[in-house]
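Throughout, protein chains are lettered first and strands after them, A, B, ... in sequence-line order, and every chain is numbered starting at 1. Nothing here was measured: the structure is a model prediction, and the numbers come from that model. Every heavy atom of this structure was used, including side-chain atoms; hydrogens, water molecules and symmetry mates were not.
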Amino acid sequence: MTGEQPLIEVRGLTKRFGGLTAVDGLDFEIRPGEVLGLIGPNGAGKSTTFNVISGTYQASAGSMRLDGEEILGLPPHRIAARGIMRTFQHNMPFEGMSVAENVMVGAQTTVRSTLGRILLGTAAARAEEQAIRARADELIDFVGLSEERDAEVTSLSFGQGRLLETARALAGEPRIILFDEPAAGLTPSECDRLGVIIRGIAERGIAVLLIEHDMRFLLPLADRVIVLNFGQKIADGTPDTIRTDPAVVDAYLGEAGGVGADA
Amino acid sequence: MSDLLELLVSATASGCVYGLVALAYLLVLRPTGVVNFASGEWAMMGAFAAYVLAGMLEVPTVVAIPGAVLVLAVIGWATEWFTVRPLVERGAGHLAPILALLGMLVIYHQATLLVFGGENYPLDGPFGFNRVELGPFAGTSQSFFIIVMTAVIFVAVWLFFERTVWGKSFEAVAINRRAAALMGINLRLVTALSFAGGAAVAAMAGLLDGPRGSVEVNAALPFAVQGFSALIIGGINRVEGAILGGIILAFAEDLTRRYVPIPSGLALGVTPVLLIAFLLVRPTGLLRAKEAG
Amino acid sequence: MVALMRWVGGAAVLCVIPFLLQPYELDLYRKLLFWVALAISYNFLFGISGQMALSHFAFAGIGAYAVVILMTQAGLPLGLAVVVALALAAALALIVALAATRLEGFYLALATLAFAQLLIVVLNEGGSLTGATGGLTNYRLPPIFGFVIGGPGTAIIMIAVLLATLAILLRIDRSWFGRACRAIRDNSEAAAAMGIDVARTKTIAFTTTSVMAAAAGMVYAFFDNTVNPPVFGIDNAIMLLFMVIVGGSGSHLGAIIGAVLLKLSQDFLEPIVGHYHALGFGVIVVVAILIQPKGLIGMWDQIRARRVAARKRAAS
Amino acid sequence: MGIARTMIGAGLRVLGVAGLATGVMAGAANAADTIKIGVITDKTGNARFYAEPVLQGIMLATKIANANGGVLGKKIELLIEDDSNKPDVSASKAQKLIDAGVVAIISNSSSTATQQAQNTTIKTLIPQVTHNGSDTLTRKLDNKCFFQIGPLGSIQIRTLMAYARSKKLKTASLVTDNSALGQILAKYFKIGLEKSGVKVTVEEVIPAGSKSALPQMQKVRAAKTDAIFVAGVLARENTLFFRAYRQLGLKQPIMGSFNLSIPTFLRTAKGLMEGVTFIDAMDPAKPEAQAFIAAYQKEFGKKPFSLPAYGWDDMNFLIQAIKRAGSTDKAKLCAALQGSTGWAGALGAKGTAYDFSKGRAGFNPQGAVVRVIKNNDHGPVVHSGTK
């Protein structure tokens, strides 16, 4: 894994809001199939990092390269088009659509048929639509929402909503998925299920960037963890090294008192 | 020069009317996020309420004006209670209350039309239309009455928001409903009061304008359009924006009609053009929101 | 194949009706078709794409005026006039869309309302070009392929425009484009995160549906052989909005039902209950929004879902 | 007290109209035995405030005709349709009436709506009558069976000019509103003024929904014209005009179109209109007008303004033609209407009659009168005709 070329290389990523520097010269990289955790206390700059990467915020400085190509500063839909998909901390389903349609929206970046071809109803366009539907079905099965395939999304539980977001992000055939605190609000059993799914995603060769608060969820899942504090990276390593890193314990884990102990 | 000064008095009075309708929009919009296109109907109904009290029941003006305002406040309150509240509590989308109020617009309009017909009714101003000269400024007593009343209303509303605990809680709701509810603010009451206040202010606009031309059902749509145009120009976040927008709009209209050599029919385009320009170039209006916190 | 048969069958039924009607009924029928065609495209714009634009009737007016002016004053043959008028409407729609689709919710409503108002000012002040407040009249639909088109003929042309509108919109609605539009309507931030170009999608939806409105407007211009400003004003724009809401916004069938119901109630209820009809109309709209935000179609779905549930319970 | 009076008044009005309606509908027991006449009126739109009084006149004339035994031995049955002053609806309603078998249609709505309805009636050449004053109605479409009985805008201005000749006008201001009729009247006022050698130096529009007419009237004041001509239709906006006129201390004579004859102005612009001259189509001194006034007074217990007289003439114009045609066949009726030259109605100056020899707009060019507002009422006729 370590031998592979990084998929994404972030260098000197900085985001300032007025006088406040929320993210300060952050460097990191992710490789295909890697699960990278991003942790830190509240206000450490995790969410800001996330929003800058996904294109919601404009970075103040820095660079982000995908396969060596600079993509920092592209608008969100272009970032997504490069294969960087995300989930939302508060689920953001498309409420007027069924579960299957929600997942099919995720396949937007894979679409090749033009509107003209759709109007003409060409065989290729129809085949593509079939393929999108089939893929959505497959992903719904993968995350375990088969029963709810045709349900209104408003009828889903919060945990099911999280699974839907995951399936939706996968439908875009992403090279990397960004998870924004995926375990927040889930029951322990739902957490376990999500953990298995995230592992499964990584095994498909998709990189995963996880922002998480819940160490019990994150540490067993991550291949590598980056710790932020006041917008700066204070540690970067395997979960085991992070657990014992004095700076991390000092800034964050110390107070939680052996959070990782039972992992 | 004296022409210009006289025109400015009249335009300021018109701008005050626009500003009051804009304020009616704003009072509802701030805490609820709902644009109430029925504000124009409220203004028209306020004028009719004043006509019923002063013109038909022959109640003295000092009673008729607050009476009409009160009637509309009750209508505003009721409107909130049975069209907006159920939607908000159900968590309906942000467009649903706007559309429900559009439906209410039709109800208000048709109900008034059924009662009063398409006729025009005269409404007397308390001081008539004598020419008054204040230094270099000349205008009718009604114009000065409009300006003074509007100033009083805006100062009162401004003081309410800036200086009272109640006003602060409105502001808190405007900034963040959820946080405000957590702080123990009664969202329902704030919302209901916003509608009552909005309707009351709209009624003032209607009954102050009524004596100039006359009272009629068809006046509602122009009120609605002029009011939100003023609101967009001034900015949707500040009480001062409403009156500023109103006066700018009235000046733009009247000065164009007076001094720009285009057919006066084309001068009608001033309002939509200004509105489009502001929406595209500066959708926040001239006055921005104060920084939260 | 079955689908095609169904379309042909539907078109045949619609096209036979005009020959069975009395002249007044025929006139109502084609005006009803005009409203239905507009409601279908407006539903795509408002109900599916989530853009609360109030310019839809204005574009119908642009189409109607453009084709008449090009034909009678520029002397273009009908076919060319139609093409140029459509291009003109598309260009205008694109300009409005590029500017207005950046605006959200009621801001868009205000901007498009201002545009619609501006159009009325221009039509009223257009002198002999637009016929000013009186509008344009005294023109006729020239023979098409040698056929002189009468009342039923204009109805059939309207049916063609209506079905084309429906077919195109159904097809794109059931594709990635329709999903993109719905996604933007429901949550534009999440839509962008899924790789949807929000501004571009909205612009395409706005321009396409506005051109469809213009096409319907062109046929309308030959119903009474008159175009005048009041028809394309704000009243009818709001009426269209109500049709879509009452029928069930976001649903093609809902838009059709809403348009038929409200238009017919205007024509048939009004003579019976007089002005109370307009009042009742407002009540229906408010009640529809309060009780079932998805309109009549939503109510129907609800009833059906309950029945299915009851049947399941009974079976188990 | 006031409200009680008004409410009772409103109630009486409703009852009165209802009574009239039953009077009209009675005798319609066997539909085949009636002569159906269609009316397209505005009950719910923005032309309603003048369409409703006109409709009163139509119904009154019908009631009286039926009481006198009807026409050709049959009662008249009115089929009344509301178009809300919407042009497209107006055209549909015309077709509806034709299908219902009416022998003629009276259009009592705005000129825009009437014009669109004409495109329907022209197809079957069913007689259509209106009192609308727009000059373009008989010119834009060559509808051989469309007749206009109201004073055209061009006649109004010629009458006003004849009256003003003694005042030796050189320049004039022209003020109107943005309603369709207001615009059309202004157009013909301008043509008429310029034909008489009067220069129109200021043309102003007071758009619907204005809050003041001061900017426009300042321009009028600055131009120092010899007179101000008013072609506007809207009551509210015209009131703004009179307010600004008073506020700016203007003294020029005001000469108005027949729209100032709408009694609403006497209430909304109360006391502001003293001495204003306006065109009226009714001369109370004319015997035919006196007959109308007497009938109206008997029915409603008060003196009529001129608006119901338009409807009265619309209907009586049709009735006399049906009698002369001896048939309700549309071609014969059409010819009889065309040949109505010499028939005198309640409208028009004393001694004038309708004249269709030169066109389908039959109001006698000498028929309009100029009246003056006096004591906040429609005062005496001070001039009549275009000479």
Side-chain angles (χ1 to χ4, degrees), chain C residues 21-32 34-35 57 60 64 117 120-121 123-128 131-140 150-151 220-233 235-236 239 263 266-268 270-279 281, chain D residues 43-48 79-101 110-124 134-137 139-143 176-187 205 207-209 233:
Chain C
L21 297 175
Q22 296 298 309
Y24 169 59
E25 295 159 356
L26 171 65
D27 188 53
L28 286 192
Y29 181 65
R30 52 189 192 167
K31 280 173 185 165
L32 177 66
F34 169 63
W35 278 95
F57 243 100
Q117 272 193 306
I120 298 295
V121 171
L123 293 181
N124 280 334
E125 296 300 316
S128 59
T133 51
L136 298 169
T137 189
N138 203 13
Y139 57 86
R140 287 283 176 277
Y220 169 85
F222 296 99
F223 282 179
D224 293 326
N225 293 317
T226 300
V227 285
N228 45 39
V231 179
F232 306 109
D235 293 2
N236 283 345
M239 179 81 167
K263 178 74 176 101
Q266 197 180 42
D267 294 322
F268 290 111
E270 181 270 324
I272 303 167
V273 291
H275 207 178
Y276 289 96
H277 145 262
L279 183 63
F281 183 73
Chain D
K43 285 173 179 289
T44 48
N46 51 15
R48 162 185 161 129
L79 303 184
I80 298 171
E81 291 291 339
D82 178 13
D83 71 355
S84 298
N85 195 18
K86 289 181 179 152
D88 52 332
V89 178
S90 210
S92 297
K93 292 294 166 98
Q95 188 64 58
K96 184 178 184 184
L97 290 169
I98 294 170
D99 287 7
S110 73
S111 53
T112 315
T114 304
Q115 175 156 303
Q116 191 148 342
Q118 244 198 96
N119 271 295
T120 300
T121 57
I122 196 173
K123 280 184 251 168
T124 51
S134 166
D135 273 74
T136 53
L137 277 175
R139 296 189 189 167
K140 278 198 177 175
L141 283 172
D142 190 24
N143 184 344
T176 188
D177 54 42
N178 61 342
S179 67
L181 183 56
Q183 295 274 305
I184 291 169
L185 286 173
K187 188 175 149 194
V205 176
V233 177

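- Chain D forms the most heavy-atom pairs under 4.5 Å with one residue out of C/L26, C/L136, C/N138, and that residue is C/N138.
- For C/E25, the part lying under 4.5 angstrom from a heavy atom of chain D is the backbone only.
- Using a 4.5 Å cut-off between heavy atoms, C/P23 touches chain D through backbone and side chain atoms alike.
- Proximity to chain C involves both the backbone and the side chain of D/K96, based on heavy atoms less than 4.5 angstrom apart.
- Annotation for C/F223 and C/R30: closest pair O-NH2, 3.0 Å, computed over non-hydrogen atoms.
- Counting only N and O atoms by type, the side chains of C/T226 and D/N119 include a donor and acceptor under 3.5 Å apart.
- Of all heavy-atom pairs spanning D/N178 and D/A208, the tightest one is OD1-N, 2.9 Å.
- Interface remark: D/I98 contributes no atoms to any contact with chain C (heavy atom separation under 4.5 Å).
- Contact count versus chain D (heavy atoms, under 4.5 Å) is highest, among C/N225, C/V227, C/T137, for C/T137.
- Not a single donor-acceptor pair under 3.5 Å links the side chain of C/D224 to the backbone N or O of D/A91.
- In this structure, no portion of D/K187 lies under 4.5 Å from any heavy atom of chain C.
- Side-chain contact check for C/N124 and D/Q183: no donor-acceptor pair (N or O, by modelled atom type) lies under 3.5 Å.
- In this structure, chain C has no heavy atom under 4.5 Å from any part of D/T136.
- No side-chain N or O of D/T120 forms a donor-acceptor pair with one of C/D27 less than 3.5 Å apart.
- Proximity to chain C involves both the backbone and the side chain of D/D88, based on heavy atoms less than 4.5 angstrom apart.
- Classification of the C/F57-C/F34 ring pair by plane angle, with boundaries at 30° and 60°, yields perpendicular.
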